[in-house]
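The structure under discussion appears below in the form of structure tokens.
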Amino acid sequence: MAYFRPPVPHESPTLSPTGADARSAASARIESLLSELRAALGEDAISTTRPDREAVGRDLWPRLLLESFAGPAEGPAAVVWPRSAAEVSLVVRRCAAHGVPIVPFGAGSGVCGGARAETFGIVLDLKRMKAVRALDPETLTVTVEAGCMGELFERRLERAGLTLGHFPSSIQCSTVGGWVATRSAGQCSTRYGKIEDMVVDLEVVTGDGVVRRTPPAGAPGTDWNGIFVGSEGTLGVITAATLRVHPAPAARRFRGWLAPTTEAGLEIMRRTLQAGHRPAVLRLYDPLDTRMAGQRSDEAAEGESGGGQAARLRAALEGAGDADAPAARALRALLAMPRAVNLAIGALPGQSLLVTVSEGEADEARATDEAIAGFARAVRARDLGEGPGRHWFAHRHDVSYKQSRVYRAGAFVDTFEVATTWARLPALYRAVRRALSNHVLVMAHFSHAYPGGCSIYFTFLGSGADRDAMLERYGRAWKAALDAAAGCDAVLAHHHGVGLSRASHLPRAHGPARRWYTALKATLDPAGILNPGKIYGPDDPTAAPAAGPSPLWGGGGGASPLGGAVPAQRGGGAEK
Amino acid sequence: MTLRWEPWTPTIGAGHPDPLVDRLTALVGIGRVAVLARAEGSPAPRALVWPESSESVQRVLRVVREAELPWTVVGTPPPFDPPDVAAGVVYVCLERMAGLLAVDETSLVAQFQTGIRWERAEDLLSRRGLTLGPLPGPVRSRTIAESIAENDRLRPSAAYGQLIEAIQGVTAVLPDGERARTVVAPRRATGPELTAAVFGTRHRGALVTEVSLQVWRRTGEATRRACAAADWASAAAFVRSCLCAGIRPAFVLASGRGPVELGFEVTSAAAAEALHRQIQAGGVTPRSRHDVLDALLSADPTEPAWRVIAVVPAARLSEAAVLVPEAICPDLGGPDATLWARRSPEPLVARHLVALGARVPGIPTGFEDLEATFLGHLSRRA
Ligand SMILES: Cc1cc2nc3c(=O)[nH]c(=O)nc-3n(C[C@H](O)[C@H](O)[C@H](O)COP(=O)(O)OP(=O)(O)OC[C@H]3O[C@@H](n4cnc5c(N)ncnc54)[C@H](O)[C@@H]3O)c2cc1C
């Protein structure tokens, strides 16, 4: 099999000690750390076995998945399973004393490399901290430990007639702590908000090992919740969160609209939000994604070139299994000429499917649904009835499980979510689509809408003759997409976080504002042990310990997380 | 002899005795630097500067840093009665940075300089058929910069959110004069929320000079409705039931020593109708008006200001309300309830509130050490 070659060195950089002496010193320090931890926490709280280490060695960043075709990564030196905030505190203090990096780990469903382990570090897996500590149906709050799995948590709320309203597609394989750490967004965020809108307060262990509880949202003064939400384990380990919950909706209304163009669909969304309505779901597919969602306009005959390509792609994706299956070969053939296929698809009639779900009390659900209908009719969108909404709802978690088929077929798939204001949204869509088109096949949908703007969720597929070629194409696609989004002054990560996958572009995106983060990092993680190298990349000065023992690890070896050279944009966004 | 700020006008060949004054004048322009007149012998501030743009704030802060002088941001020139002015300080006054810079009518985002008062910003927007939403008395005469300095939470609104949360992007000057900006977007979701680090630091983390704000189209007139509940617990339950029914009032206010009086403002006919039905459905007694709400939303800004005196876990609200019977509550129905009063609670009362799990401004949060360290790191030149 061309796609499974013998192991080659990692291309995504790890922070490892440089030189044999440094390595053996690092190993010795880790050994003494582990014996201290075993004595304090017990044997069953720590594992150094290969399967356990491999299991927490990486998240679902597709680049790491492609790399793993050459064999699993080494993983961390050990995995530790704390049972309480006090145990987390102990681990953090001991790691700070020894200068050993810690990567907090939820369920590893992150898609940006944020939970990728360090070979000379430990992974702190929080899944034993999974209790619902308090549930108050009267004040509609719940306090839950960070390691609680999303699906189990929501079921627990459901039994009390409540909902968090947070439904990421990964709800079955992600934790509450991971949601908070990545600033996650669920499918119903338009009604219930993103996770940051749900946080009342957090229990966090900072890099000095102190267990702290943040002041409640709404209190004047520094917004510590805002600082820890989205910090991806680099500023503190989240051990519990108090969250707002809602009564489970009494009524739900589904609808589908076929807008004459993507712009017309966006107009429906914008007007709905700016009029103050909060439907649970407003999801607009671009013309190709509309086809992939199974909706095609009457006018577009399958024979016509863009429609034909779309139909072939859909069939290939559905049939793809083994790399040698005919559908898999067809998929690779399509992906081998992305420019031509994207061009043909670009000529598709612009009709775009808008799926809506309105929920709440019966009156509110009806009023929201009717308001959307008014805006839809104003742009001459066609009412498709309940079907598309109901279909989407029934299959809303399926899409992710189709991805492994793509990899088995010898191709890759990834997503890129960005956000901007309504006025700049069409230009951002065109720029990123154009940038990706040269390398991969691209489609998009617009979801997570706000009164001021919206996010775009690009899905892209690519292939290559072998694993290395795929990695190269993957890196080029990401670099082009990030350059294009940064050029449009867009937010580079709406809800997946930064991890390693976007770290190369954060300095440019943040410019001097990055100094606020750098000062926070030095304050909250003085020994520089919390998930070093994430968010701003391995050459981030904040990745090196600011105090404490001499560093255990050296530089990142110069490779970009995207493959290829690190682009020289540092400070590019600065206004002097 | 009265003291006053006297703008410095240089003449050829005659510099100001304090070279800093000439230097600042060269940077920001003639008439934009003032000194304290007739202050001989008394400890006086070094100067008052009126920058007009982010660029001139940058220039001023660079010079001030070079001279290693303390600086303070003010909305208007401070009066002279001690302790209102401090010796040796350079006052950066944002009075002349009060412009509306741009409006994106598609995204409903308006860019302002932060020296503008909220009520003036609303006035400029209303000429374009736009609004910030309700402006209760305590924020009306504040500048945007003042609200950012304290990260104030004086406009809790289910329909419009906190005013401070309407900020979609900022331009700010760091203590060493470097300028930073964040992307203008509905949610600043790239990594940690960067502005969270500097809002509420009284400008010590950065002086935010421009903001892009989410605004709204003006709809019909606002409608007010009032009712009374038997006690705080049933008042909270009623507001919660309204929120759960999808009614998002522009403003809700609760007050009262015996029965709790509730006042609502809503901005759509549908919400007014739904609220009316909810009130008629029982559990509360309809009232014709709520005087405190009326006063708060149409307030005379010269009245003594309401301010946050405690943020109380909702479950302990009844007990807290007994301790400060004169307080009003503008955010009933959430997990925490904010109490406003016109003066701070006595120390003993404050301690009781803390014992109830409340956050009381001025009482340590456990994060003070971190805030001080953070500001120390930030003021070190990168
Ligand atoms: C198929 C699929 C669908 C997805 N759909 C969505 C979606 O709809 N919406 C969405 O937002 N995301 C989605 N994601 C991305 C991912 O599920 C989220 O980022 C999720 O929040 C990660 O949670 P986790 O528990 O798996 O965290 P991990 O992957 O284990 O960790 C993510 C990051 O958070 C840090 N971290 C984890 N726990 C803690 C903690 N307790 N304290 C401090 N830091 C911590 C890690 O160090 C890492 O940097 C999807 C992913 C997949 C694979």
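Chain identifiers are assigned alphabetically (A, B, ...) following the order of the sequence lines, protein sequences preceding nucleic acid strands; residue numbering begins at 1 within each chain.
In this structure, the portion of A:V200 lying under 4.5 Å from any heavy atom of chain B is its side chain and not its backbone. Only the backbone of A:A490 comes within contact range of chain B, judged by heavy atoms closer than 4.5 Å. Proximity to chain A (any heavy atom under 4.5 Å) is restricted, for B:D369, to the side chain, taken from C-beta onward. Contacts of B:V184 with chain A are made by both backbone and side-chain atoms, with heavy-atom separations under 4.5 Å. Residue contact with chain A, scored on non-hydrogen atoms closer than 4.5 Å, is absent for B:R202. For chain A, the nearby parts of B:L108 are the backbone and the side chain; heavy atoms of each come within less than 4.5 Å. Looking at B:A270, there are no atoms closer than 4.5 Å to chain A (heavy atoms on both sides), in backbone or side chain. Within the 4.5 angstrom heavy-atom criterion, atoms from both the backbone and the side chain of A:L520 approach chain B. Both the backbone and the side chain of A:T214 come within contact range of chain B, with heavy atoms under 4.5 Å apart. If you measure heavy-atom distances from B:R277 to chain A, the contacts under 4.5 Å come from the side chain alone. Proximity to chain A is limited to the backbone of B:E105, based on heavy atoms less than 4.5 angstrom apart. Contacts between A:D363 and chain B at a heavy-atom distance below 4.5 Å involve the side chain alone, from C-beta outward. Only the side chain of A:L524 has a heavy atom closer than 4.5 Å to any heavy atom of chain B. Heavy atoms of B:Q214 lying under 4.5 Å from chain A belong exclusively to its side chain.
B:A196 approaches A:G226 most closely through the heavy-atom pair CB-C, 3.8 Å. The nearest pair of heavy atoms linking A:T421 to B:P186 is N-CD, 4.3 Å. A pairwise comparison of heavy atoms in A:T420 and B:A185 identifies CA-CB, 4.4 Å as the closest pair. Here the closest non-hydrogen pair linking A:T222 and B:G200 is OG1-O, 4.2 Å.
Atom CD of B:E193 and atom CH2 of A:W516 lie 10.0 Å apart (nearest 0.5 Å). Put simply, OG on B:S268 and NE2 on A:H277 are 8.0 Å apart, with the number rounded to the nearest 0.5 Å. If you take CG on A:L140 and SG on B:C244, they are separated by 5.5 Å, rounding to the nearest 0.5 Å. Atom CD in A:Q274 sits 8.0 Å away from atom OG1 in B:T106 (nearest 0.5 Å).
Here the side chains of B:H377 and A:T518 are not in contact, with every heavy-atom distance at 4.5 Å or above. Between B:P313 and A:T141, every side-chain heavy-atom pair lies at or beyond the 4.5 Å cut-off.
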*Please report the C-alpha distance between A:R212 and B:L370 in whole Å, then the side-chain angles of each, then the deciding distance to 0.1 Å, and finally whether the side-chain contact (heavy atoms from CB on, under 4.5 Å) criterion is met.*
CA-CA 11 Å; A:R212 300 173 194 266; B:L370 293 181; 3.5 Å; yes

_Stepwise side-chain contact (heavy atoms from CB on, under 4.5 Å) check, A:W224 with B:T365_ = CA-CA 11 Å; A:W224 286 97; B:T365 59; 5.7 Å; no

*side-chain contact (heavy atoms from CB on, under 4.5 Å) assessment of A:D489 paired with B:R181*: CA-CA 11 Å; A:D489 209 16; B:R181 61 177 279 276; 2.5 Å; yes

*Determine, step by step, whether A:R514 and B:L194 satisfy the side-chain contact (heavy atoms from CB on, under 4.5 Å) criterion, reporting the C-alpha distance in whole Å, the side-chain angles of both residues, the deciding distance to 0.1 Å, and the verdict.*
CA-CA 8 Å; A:R514 174 195 180 189; B:L194 291 174; 5.9 Å; no

_salt bridge (charged side-chain N to carboxylate O under 4.0 Å, His left out) between A:R515 and B:E178, worked out_ = CA-CA 10 Å; A:R515 284 175 52 201; B:E178 190 167 27; 2.7 Å; yes

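The choice from B:F374, B:W216, B:Y160 that makes the most heavy-atom pairs within less than 4.5 Å of chain A is B:F374. Interface summary for chain B: among A:E232, A:R424, A:H496, A:H448, the most heavy-atom pairs under 4.5 angstrom belong to A:R424. The greatest number of non-hydrogen atom pairs below 4.5 Å with chain B, out of A:P249, A:G499, A:G453, A:S455, is found for A:G453. Per-residue counts of heavy-atom pairs under 4.5 Å with chain A were compared for B:E55, B:E150, B:R217, B:E371; the largest is that of B:E371. By number of non-hydrogen pairs under 4.5 angstrom with chain B, the leading residue of A:P216, A:S231, A:P451, A:A419 is A:P451. Counting heavy-atom pairs under 4.5 Å between each of B:G205, B:G376, B:A237, B:G246 and chain A puts B:G246 at the top.
Electrostatic pairing of A:R244 and B:D336 does not count as a salt bridge here, judged by no charged N lying under 4.0 Å from a carboxylate O.
Checking side-chain atoms of B:R248 against main-chain N and O of A:G276 turns up a donor-acceptor pair under 3.5 Å.
Enclosure of atom CD in A:E138 is not indicated, since only 12 or fewer non-hydrogen atoms of other residues, nucleotides or ligands lie within 6.0 angstrom. Within a 6.0 Å radius of CZ in A:R213, other residues, nucleotides and ligands contribute 12 heavy atoms or fewer.
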